[in-house]
Colleague: 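The structure that follows is given in the form of C-alpha cells.
Numbers here simply count residues along the sequence, with the first being 1.
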Amino acid sequence: MKVFIACSSKDSVSSEYLNLASDVATMLVRHKYKLVFAGKDTGMMGKCFVTYKYEEGKTKAVLDVHDTDYLDNVEVDAYEVEASTFERTKILYQSSDLVLVLPGDIETLAEFMSILEEINTKGENKPIILFNYNNFYTPLLKLIENSYKEGFILKSEIKSFSIVNDLESLDAFLHNLNKER
C-alpha cells in the first residue's frame, strides 16, 4: 500500500508540527505503507521523508520540473519528474492507495482540493484523510459546511473524505482500513 502525504514543506513551521509529521510517518511505516511525496527535504515533508528512511520505509518522490534540485538532498527508492505542479499532483494521486493531508500551506490545500474534485468527478473511492490536528482545518471545514448549506457543495462531496483529529484516531482509521483490504 502506498500513501501520499500532503503537508507543508516550509521550514518556518513549529517543532510541534514537525514532530507530528515524524509520528505520523512512523505510524505509517508500521502499518506497512510506502511513502509517495513531493520530493522536498524541508518542513514537515522533509521530516516525513527522514523518518521513513530512518524506519527503513520505501519512498517515491514526484517532483515538479522546477524542484529537481531537491533530488540532490534526498535518497529515494524511486522518483518521477513532471512538467508542472498540476501534473505532479495527478501522479501523486495516481501513485497512491491512500491520501493523508496533514496541516499545510497553499500547495497542500491545492492538492487536497484537486484530489477531492478528481474523486468526485470520477466517482472513485480512494480513502482521503484530513488530519485536523489542533483544529488546524476547522476554518476550512466551516467553509465547506457553509458551502454545503448554501447549495454549492453536495453532501456526497463532503462524504468523500474522512477527518481525524489525533494520532489515536489515525491509527484506528488505518487499522480498520487494513482489515477491509
Colleague: Please say whether more than 12 non-hydrogen atoms of neighbouring residues, nucleotides or ligands are located less than 6.0 Å from CD in Glu75.
Modeller: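 Result for CD/Glu75: open.
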Colleague: For residues Ile119 and Ser160, report the shortest heavy-atom separation together with the two atoms involved.
Modeller: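 Of all heavy-atom pairs spanning Ile119 and Ser160, the closest is CG2-CB, 4.2 Å.
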Colleague: Side chains of Val62 and Glu87: does their closest heavy-atom pair fall under 4.5 Å?
Modeller: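 Contact flag for Val62/Glu87 side chains = no.
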Colleague: So Val3 and Asp97, do their side chains get closer than 4.5 Å, heavy atoms only?
Modeller: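 They are not in side-chain contact.
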Colleague: Within the 4.5 Å heavy-atom criterion, are Glu82 and Leu63 side-chain neighbours or not?
Modeller: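 SC-SC contact between Glu82 and Leu63 ruled out.
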Colleague: With ring pair (Phe, Tyr, Trp, His ring centres under 6.0 Å) as the criterion, how do Tyr133 and Tyr17 come out once you've worked through the C-alpha distance, each side chain's angles and the decisive distance to 0.1 Å?
Modeller: CA-CA 9 Å; Tyr133 183 75; Tyr17 288 101; 5.7 Å; yes
Colleague: Answer yes or no on whether Lys155 is positioned over the face of Tyr148, meaning its NZ or CZ is under 6.0 Å from the six-membered ring centre and within 45° of the axis.
Modeller: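 Yes, Lys155 sits over the ring of Tyr148.
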Colleague: Is Glu107 paired with Lys40 through a side-chain N to carboxylate O contact shorter than 4.0 Å?
Modeller: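 Yes, this pair counts.
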Colleague: Taking atom types as modelled, is there a side-chain donor on Ser84 or Asp64 under 3.5 Å from an acceptor on the other?
Modeller: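 No, no side-chain donor-acceptor pair sits under 3.5 Å.
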Colleague: Set out, in order, the CA-CA distance, both residues' side-chain angles and the distance that settles salt bridge (charged side-chain N to carboxylate O under 4.0 Å, His left out) for Arg88 and Glu80, then state yes or no.
Modeller: CA-CA 9 Å; Arg88 185 199 67 206; Glu80 291 184 40; over 6 Å; no
Colleague: Would you please test Tyr93 and Phe4 for ring pair (Phe, Tyr, Trp, His ring centres under 6.0 Å) and show each step?
Modeller: CA-CA 7 Å; Tyr93 171 73; Phe4 164 41; 8.8 Å; no
Colleague: Hey, are Ser95 and Lys60 close enough side-chain-wise for a donor-acceptor pair under 3.5 Å?
Modeller: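 Note: Lys60 and Ser95 side chains meet the donor-acceptor criterion.
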Colleague: Report yes if some heavy atom in the side chain of Thr26 is under 4.5 Å from a heavy atom in the side chain of Val29; otherwise report no.
Modeller: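 Heavy-atom side-chain distance check fails, nothing below 4.5 Å.
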Colleague: Indicate yes or no: at least one non-hydrogen side-chain atom of Leu28 is less than 4.5 angstrom from one of Leu35.
Modeller: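 Of all side-chain heavy-atom pairs linking Leu35 with Leu28, none is under 4.5 Å.
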Colleague: Has the side chain of Asp171 got a donor or acceptor atom that lies under 3.5 Å from a matching backbone atom of Leu167?
Modeller: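 No, because the side chain of Asp171 does not come within donor-acceptor range (under 3.5 Å) of the backbone of Leu167.
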Colleague: Answer yes or no: is there a donor N or O on one side and an acceptor on the other, between the side chain of Asp41 and the main chain of Gly46, under 3.5 Å?
Modeller: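 Not confirmed, Asp41 side chain does not pair with Gly46 backbone.
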Colleague: Thr42 side chain to Ser9 main-chain N or O, any donor-acceptor pair under 3.5 Å?
Modeller: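 Side chain of Thr42 to backbone of Ser9: a pair is present.
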Colleague: How far apart are the C-alpha atoms of Ser22 and Thr51, what are their side-chain angles, what is the distance that settles it, and do they pass the side-chain hydrogen bond (donor to acceptor under 3.5 Å, both in side chains) test?
Modeller: CA-CA 6 Å; Ser22 182; Thr51 303; 3.0 Å; yes
Colleague: Hey, what do you get for OG1 (Thr85) to CD (Glu111), rounding to the nearest 0.5 Å?
Modeller: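 So the gap between those two atoms works out to 8.5 Å.
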Colleague: Parallel under 30°, tilted from 30 to 60°, perpendicular over 60°: which one fits the rings of His31 and Tyr33?
Modeller: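 The rings of His31 and Tyr33 sit tilted, inter-plane angle from 30° to 60°.
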Colleague: If the condition is salt bridge (charged side-chain N to carboxylate O under 4.0 Å, His left out), which residues does Asp23 pass it with, not counting sequence neighbours?
Modeller: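 Per chain and number, Asp23 pairs via salt bridge (charged side-chain N to carboxylate O under 4.0 Å, His left out) with no residue.
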Colleague: Give me the atom names and distance for the closest heavy-atom approach of Val13 to Ser8.
Modeller: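 Scanning both residues completely, I find the closest heavy atoms to be CG1-OG, 3.8 Å.
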Colleague: Using the rule side-chain contact (heavy atoms from CB on, under 4.5 Å), only one of Ile144, Leu141, Val164 pairs with Leu130; which is it?
Modeller: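 When side-chain contact (heavy atoms from CB on, under 4.5 Å) is applied between Leu130 and each of Ile144, Leu141, Val164, only Leu141 qualifies.
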Colleague: If you apply the rule side-chain hydrogen bond (donor to acceptor under 3.5 Å, both in side chains), what do you find for Asn132 with Thr138, and how did you get there?
Modeller: CA-CA 7 Å; Asn132 191 27; Thr138 298; 3.1 Å; yes
Colleague: Taking only residues at least two apart or on different chains, which pairs with a member in residues 58-89 satisfy ring pair (Phe, Tyr, Trp, His ring centres under 6.0 Å)?
Modeller: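 Listed once each, the pairs would be none.
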Colleague: For Glu16, look at atom CD and say whether over 12 heavy atoms of other residues, nucleotides or ligands are found less than 6.0 Å away.
Modeller: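 Yes, the 6.0 Å shell around CD holds more than 12 heavy atoms from other groups.
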Colleague: Could you name each residue pair satisfying ring pair (Phe, Tyr, Trp, His ring centres under 6.0 Å) that touches residues 95-115, not counting sequence neighbours?
Modeller: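 Residue pairs with at least one partner in residues 95-115: Phe112-Phe161.
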Colleague: Are more than 12 heavy atoms from other residues, nucleotides or ligands located less than 6.0 Å from atom NZ of Lys58?
Modeller: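 It does not: Lys58 NZ has 12 such atoms or fewer within range.
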Colleague: Is there a side-chain contact between Val99 and Ile129 in this structure, where contact means two heavy atoms from C-beta onward sitting under 4.5 Å apart?
Modeller: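 Answer no - side chains too far apart.
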Colleague: Between Asn146 (side chain only) and Lys142 (backbone N and O only), is there a donor and an acceptor less than 3.5 Å apart?
Modeller: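 Checked: no pair found.
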Colleague: Does Glu118 pair with Lys90 as a salt bridge, N-O distance under 4.0 Å?
Modeller: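 Here Glu118 does not pair with Lys90 in a salt bridge, since their nearest N and O are not under 4.0 Å apart.
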